[in-house]
Amino acid sequence: MSSTLVISIMIALIVILLFVGAPVKPMRFIAQGTVKLGIGVLFLFFFNVIAGSIGLHIPINLFTAVVSGFLGLFGVASLAAIHLFIIP
């Protein structure tokens, strides 16, 4: 595919979305999921900063960010418990 064809398809999709409107439910679901994922990453970052002094580190990846984002502080606590008790 040539680049002009790809750009023209993208512009056509944008124009169609402007006239028709984006579906509200899926966009709201994607936005809420993205915000929760970002909050999960921040929880993990601050946990790693604070708990790093005692040698506790939870890696920040997609799985841990999803768990801590959707479960909140209980998710971070469960990840810490898994790190302490299950993974020696």
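Heads up: numbering here begins at 1 and tracks the sequence. Remember, it's a predicted structure, so these values are computed and weren't measured experimentally. Computation of the quantities below employed the complete heavy-atom set of this structure, encompassing side-chain atoms and omitting hydrogens, waters and symmetry-equivalent molecules.
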Ignoring hydrogens and angles, write down the donor-acceptor pairs under 3.5 Å from the side chains of residues 79-88, residues two or more places apart or on other chains.
none

**Report entry** Residue pairs passing the side-chain hydrogen bond (donor to acceptor under 3.5 Å, both in side chains) test where at least one lies in residues 63-78, sequence neighbours excluded
**Finding:** N61-T64
Distance-only check: which donor-acceptor pairs under 3.5 Å involve side-chain atoms of residues 70-77, not counting sequence neighbours?
none

Requested in this report: Nearest 0.5 Å please: distance from the CD1 atom of I11 over to the CD1 atom of I16.
Outcome: 12.0 Å
Query raised in the report: Can you tell me how far OG1 of T34 sits from CD1 of I30, rounded to the nearest 0.5 angstrom?
Result: 7.0 Å
Under 3.5 Å, which donor-acceptor pairs link side chains of residues 36-55 to any protein atom two or more places apart or in another chain?
{"from": "N48", "atom 1": "OD1", "to": "I58", "atom 2": "N", "distance (Å)": "2.9"}
{"from": "N48", "atom 1": "ND2", "to": "L44", "atom 2": "O", "distance (Å)": "3.3"}
{"from": "N48", "atom 1": "ND2", "to": "I58", "atom 2": "O", "distance (Å)": "2.8"}
{"from": "S53", "atom 1": "OG", "to": "I50", "atom 2": "O", "distance (Å)": "3.3"}

